[in-house]
2 protein chains.
Amino acid sequence: MARPPAAREKILAAYCEIVSSEGERAATLEATAARAGVSKGGLLYHFKSKDALADGVLERLGQAAEADLARMRASPEGPSRYFVRTSVETGTELDTFFVVVMRLAAGQHPGAAEALAAVHGSWWQLIREEVGDDAVADTIMLIGDGIYHHAAMPGSGSTGSTAGYFRGRLDAVLEQVDELRALARARTASGAG
Amino acid sequence: MARPPAAREKILAAYCEIVSSEGERAATLEATAARAGVSKGGLLYHFKSKDALADGVLERLGQAAEADLARMRASPEGPSRYFVRTSVETGTELDTFFVVVMRLAAGQHPGAAEALAAVHGSWWQLIREEVGDDAVADTIMLIGDGIYHHAAMPGSGSTGSTAGYFRGRLDAVLEQVDELRALARARTASGAG
DNA sequence: GTCTATAGTAAGATAGAC
DNA sequence: GTCTATCTTACTATAGAC
């Protein structure tokens, strides 16, 4: 897999930035080209259509998700904590692509909803293996989704790499994830799992 | 407050339906007018611009949220359970407006993000009063947000009034909400709150 | 590989008839 | 209060020069 042309990457990045910060509608070919520092014609050399641009993001989401899954699997704190903790992080490669694909899914872009579901399913499986209980895996996923929902919400006050609302509150939420995890283990140990 | 013209309501409903199911971009004046059974000119008599249409939804969200808050306050099961349980419901009046305003917020519509934050803040306060602990109120809100995140996600398989994924799983999640609530009360009682 | 120029289409909004 | 007709603008995409 050779490195793709630099212009292609700049265009994809520009498209993602506009979709994330101003919405899918604002990411016109002209606006994307301008932000990437190329002309409309130059953009269309690399991506034959607007849909091709969106498909490019879908592909990159898959790659970023695979890398994240490997980190999650190797994480010393365990998949649950890793998942909840990183749900609050904005600005990572994975986060960027995830937000963009969510916006594309809202606009019924073909394949976007499926791509999100696939990533989500992989996360769930890792957490399920760790906690050994479907319902607790569901709840932990929901907490992470809820945090993500906040982080991805416009006007959530995220100034840096972390959504403003949860700066300082994340630790308390993580403690409750631990408690749920402990409850699940106790239940499994007592044979009710 | 006299009943507004029937056409106005039909137009607003048509706009919401298209934004929810096909995305904001698909909700053009023409498409909205067609679904409402009026012409573009007819639509523009009631709403002077596309922005006015969106502002109409913001206003209705406020009304629906007020009504929901009253039900939440009066609910015998308590605000926490009420909030989490109703987060899975799709197709209610409040849900419809909430999803639409979320899409508008994603497109940077002025006031949309603020409207969502206001509704969210009211919910949090009621739950905070019930559980008596900031962190547990946060976590319960996150679980509800996570469910909502799923329910609002396109392709979540919602066929009726409930998101498909959580049909049959909601009870197990609600039990864990009870557990978190119990933990918070125990903590408060022991003076560590 | 990137540009300019332009064709073709669709959107938001206005004017005036009924 | 609702319609048709029309204006204007903006967007996607193509063609061909450099």
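Note on naming: letters A, B, ... go to the chains in the order of the sequence lines (proteins, then strands), and numbering restarts at 1 for each one.
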(message) For B:Trp123 together with B:Phe98, are the ring centres under 6.0 Å from each other?
(response) yes
(request) Mind checking ring pair (Phe, Tyr, Trp, His ring centres under 6.0 Å) for A:Tyr15 and listing every partner two or more places apart, or none if nothing turns up? (result) none
(message) If the condition is side-chain hydrogen bond (donor to acceptor under 3.5 Å, both in side chains), which residues does A:Ser87 pass it with, not counting sequence neighbours?
(response) none
What nitrogen or oxygen pairs link the protein and nucleotides 7-11 of chain D at under 3.5 Å?
none

(message) Please enumerate all residues that pass ring pair (Phe, Tyr, Trp, His ring centres under 6.0 Å) together with B:Phe97, with sequence neighbours excluded.
(response) none
(message) For A:Gly41 and B:His46, find the nucleotide of DNA chain D closest to each by heavy atoms; which residue's nucleotide sits nearer the 5' end?
(response) B:His46
Check residues 25-37 of chain A and write down every donor-acceptor pair under 3.5 Å in which the side-chain atom is one partner and the other belongs to a residue at least two apart or another chain.
| residue | atom | partner | partner atom | Å |
| --- | --- | --- | --- | --- |
| A:Arg25 | NH1 | B:Glu24 | OE1 | 3.4 |
| A:Arg25 | NH1 | B:Glu24 | OE2 | 3.0 |
| A:Thr28 | OG1 | A:Ala31 | N | 3.1 |
| A:Glu30 | OE2 | A:Lys40 | NZ | 3.2 |
| A:Thr32 | OG1 | A:Thr28 | O | 2.8 |
| A:Arg35 | NH1 | A:Glu17 | OE1 | 2.2 |

(request) Could you list the residues that satisfy salt bridge (Lys or Arg N to Asp or Glu O under 4.0 Å) with A:Lys10, not counting sequence neighbours? (result) none
(request) Under the side-chain hydrogen bond (donor to acceptor under 3.5 Å, both in side chains) rule, collect the residues that match up with B:Asp51, sequence neighbours excluded. (result) none
(message) Applying salt bridge (Lys or Arg N to Asp or Glu O under 4.0 Å), can you list everything that pairs with B:Glu77, at least two apart in sequence or on another chain?
(response) B:Arg85
(request) Could you tell me from which nucleotide to which nucleotide of DNA chain C, 5' to 3', there is an atom under 4.0 Å from chain A heavy atoms? (result) C:dG1 to C:dG12
(message) Assuming nearest nucleotide by heavy-atom distance, tell me which of B:Ala27 and A:Leu43 is located more 5' along DNA chain C.
(response) A:Leu43
